[in-house]
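Only one structure is covered here, and it is reproduced in the block below.
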There are 2 protein chains.
Amino acid sequence: METARLSERILEIFDDLTRAERLLADHFLENPDSLALHTAEEISRRAAVSKATTARFFKRLGFPSFKTAQRMARSGDASSDSGKRVFSAPVQHRSGRGDLADHLASDVQNLIRTFESIRSDELNAAALSLVRAEKLWVIGFGDNYPLAHFARAQLIKVKPDIRMIPLGGFSVPEEFASITPSDTVLALCIGRRSKTMRSILQTARLAGAHTVSLTDQASSGNPELADVTLRCRTHGLSYFDSLSAPVSVVTYLCMAVAKRIGQTAVDRLRYIDSIHTEWGDAG
Amino acid sequence: METARLSERILEIFDDLTRAERLLADHFLENPDSLALHTAEEISRRAAVSKATTARFFKRLGFPSFKTAQRMARSGDASSDSGKRVFSAPVQHRSGRGDLADHLASDVQNLIRTFESIRSDELNAAALSLVRAEKLWVIGFGDNYPLAHFARAQLIKVKPDIRMIPLGGFSVPEEFASITPSDTVLALCIGRRSKTMRSILQTARLAGAHTVSLTDQASSGNPELADVTLRCRTHGLSYFDSLSAPVSVVTYLCMAVAKRIGQTAVDRLRYIDSIHTEWGDAG
DNA sequence: ATTAAATGTATCAAAACTGAATTCGTTTTG
DNA sequence: CAAAACGAATTCAGTTTTGATACATTTAAT
C-alpha cells in the first residue's frame, strides 16, 4: 500500500513544509492516488502550485525525484481497497504513523463518498420534514444511541419539542404512543439492525408520521422503510465502523434545519447561550 | 471571551500563515491569555520568533497594530471586530448543491488538519494509557455526552471496566470516589467548558490517575490539565461545531486500544457478537 | 530510426519572509 | 522638567521560497 507510505511521510514532516508545499500535502492527503494517476503537471495544476514546487516537494520528502516517487507509487499495488481484515489478528504493534495516515485517508474517503452519493434534494426533503414537524422523534438503539443523542443535542438548540427514544428506562410504546401525523421521526440505523427499530418505523408510518432514516450502505436490504433514506459510508479499517460520515451528515442536516427555521432558531440559540452564560459556564 | 475570538481568528487564517507565524499561532492557541498578559517582546521570546514577526502577525490578523490588539484583548470588549459568525443571520436559502459541497469540504479539512497537528506519539501514549488502565473513566458533560457515550460504546467492546460520567442521575463524587492511581480518565472537552470537568480532572490527578483529554483547538486555556491533550479541529460553517474530527480521533484511539490488547479484545468482540446473534439481532 | 509531442528537471530572477538594528513614542524616575 | 528606560513599530539586508522559462528526457507515431 504505497499511498499510505506517502501520506505517512507527509504527516511526518508536515510541520516543516512551506506554504505552497502544504497545498500539495493537502492535495495528496485528500487524493492519495493522485500521485499514481496524474502527471506532475496535472498535479501541480490541481494543487495550484508550480511544477517546480511539485518537483522540489518530492525531493524534500526524500525521493530522488518526482519520477521515482511516481514509479514507486505505481509499482506498489495502490488499489487501496485491501480487503477487510477485521478479524485477522493484527499481531504487529508496529504502531505509528502509517496507521494514522491510513485511518485519516479512510475517513476522508468515507466523507467524500457519502456526500457524493447523497442527493441534495433528498437531504433538503429530509430537512424540510424535520422543520415542519410538530414533534420530532429521534431514535437510536444500541450503537446508534450516541448518534441519536448527538442529533437531539443539536436539534433541541433550534426547536423546542425533540423527543428521544429510547429514553431513560422508560417503556418505548408508552412514549411513542403520542406520535401524530404532523410529527417526524429521525431514525438512526447504522450497523446492527434492531427489531424494535423496524417496529417503530412501521408504527410511525401507520400513524401517518414522516420518517427519515440514516443508514449505512449495507442496509439496502429493506428499502423504503422510511420516506427518505440517507446512506452513509461507514467503512472502518479494523475492528470498528467509522461514524465520521454519519456525524457529518447529521450536523449538516441540523444546520439545514436551523437555517430554514431562520430567526426563531437564532433567537433560541441566543437565549440558550445567555442562560449558559448566566449560569457561569465558560463560553 | 476575547481569547476565543483571537483563537477563532487565528484558525481562520491558519492555512495562510508562514512558518514563523505558525509558531506564534501555536503559542496563542496554547496560551490564549498570553496576548493580554505579556509584552510583544516577551511573546516573541516565548514563541521563538523576532519582534518584527510578532508585529506583522497582528497586522495580518487584521488589527491595526500589536498594541491595538493587546488593548482589545485586555479590555475584553473587542466587539468591534468581525462579529461571531454564529449569529450572523444566514438569510439566504441558497439551498443548492453549494451548501453541501461547502460542508463536505469543511469537514474534510477538519479531519486533515486535525490529523496533521496531532502527534502520533501522543496518540500512542494515550492509547497505551487507556490499555493499561484497570478502570477506565469516560467523561463528557453537555454536548460532550454523546461523544463520551460513543467512546464508551466502542471501548466496552474490548475492555471490561469502562465507567461513564455523568451516569443516569447519579451524583458524580460518589461515583468518582473509586478512582485509583491505576485508572485512566478519558475526558471529552469539546466546546463549552464545564466547571465540573475541571474539578474532575484535578481530582483525578490528585488521585494519581492518568488523564487523556480531547479538546478543540481554541480551548487550551489551561494547558496541561491532562497528561495527554489531543486537539481537534471543530470548525463549523454555521450554527454548530463539527464533531467529525473528534469522532474520528476517538475511533482511531479505540482501534489502537483494541489492537494493543490483541487477542483478548478479538475474543471479547466475538463473544459479544455471538450474544447478539443468539438474541436474534441481525448482524 | 527519426521526429514531434509530452513530460520531468534545472536555472534564475522576482517575491516573500525573517530577524537585527534602528527609530519613534510612551512611561518612569531623579 | 529632563533624561533614562522601556517597549513597539519600522527599516533594511540577508535568506528562503516560488514560479516562469529554458532545457533534457522520455514516449508515440510514422
When you measure from the side-chain N and O atoms of [X] to the phosphate of [N], is any distance below 4.0 Å, counting only OP1 and OP2?
X       : N      : result
A:Lys59 : C:dA10 : yes
A:Arg19 : D:dT16 : no
B:Ser65 : D:dA9  : yes

Proximal nucleotide (of [options]) relative to the [X] side chain:
X       : options               : value
B:Arg60 : C:dC17, C:dT7, D:dA9  : C:dC17
B:Ala52 : C:dA20, D:dA9, C:dT18 : C:dA20
A:Thr39 : D:dA9, C:dT7, C:dT18  : C:dT7
A:Thr53 : D:dA9, D:dT18, D:dA22 : D:dT18
A:Val49 : C:dT9, D:dG19, C:dG19 : D:dG19
A:Lys51 : D:dA9, C:dT9, C:dT18  : C:dT9
A:Lys67 : C:dT18, C:dG8, D:dG19 : C:dG8

In whole angstroms, how far is the [atom2] atom of [N] from the [atom1] atom of [X]?
X       : N      : atom1 : atom2 : result
B:Glu21 : C:dA16 : CD    : P     : 13 Å
A:Phe63 : C:dG8  : CZ    : C1'   : 16 Å
B:Phe66 : D:dC6  : CZ    : P     : 18 Å
A:Glu41 : C:dA6  : CD    : P     : 10 Å
A:Ile43 : C:dG8  : CD1   : C1'   : 12 Å
A:Arg45 : D:dG19 : CZ    : C1'   : 17 Å
B:Phe57 : C:dG19 : CZ    : C1'   : 17 Å
A:Leu23 : D:dT18 : CG    : P     : 9 Å

Which part of the nucleic acid, if any, lies within reach of [X] when heavy atoms closer than 4.0 Å are counted: base, sugar-phosphate only, or nothing?
X       : value
A:Thr54 : nothing
B:Ala40 : sugar-phosphate
B:Arg56 : base

Original post:
What about the rings of A:Phe28 and A:Phe58, do their centers lie closer together than 6.0 Å?
Top reply: yes
Original post:
Looking only at heavy atoms, which two atoms of B:Cys254 and B:Ala151 are closest? And how far apart?
Top reply: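 B:Cys254 and B:Ala151 have their closest heavy atoms at SG-O, 4.1 Å.
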**OP:** Look at the side chain of B:Glu21 and the backbone N and O of B:Phe57, then say whether any donor-acceptor pair between them is shorter than 3.5 Å.
**Re:** no
Original post:
Side chains of B:Ser65 and B:Thr68: do they bring a donor and an acceptor to under 3.5 Å?
Top reply: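 Yes - a donor-acceptor pair under 3.5 Å links their side chains.
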**OP:** Establish, from distance only, whether the side-chain atoms of A:Gln109 and A:Glu30 form a donor-acceptor pair under 3.5 Å.
**Re:**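 Result is no, nothing qualifies.
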**OP:** Would you mind telling me which of A:Leu111, A:Ile118, A:Ile112 makes a side-chain contact (heavy atoms from CB on, under 4.5 Å) with A:Thr114?
**Re:** A:Ile118
Original post:
Relative to the 5' end of DNA chain D, which residue comes earlier, A:Asp16 or B:Gln70, by the nucleotide with the nearest heavy atom?
Top reply: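 With A:Asp16 and B:Gln70 compared, the 5'-side residue is B:Gln70.
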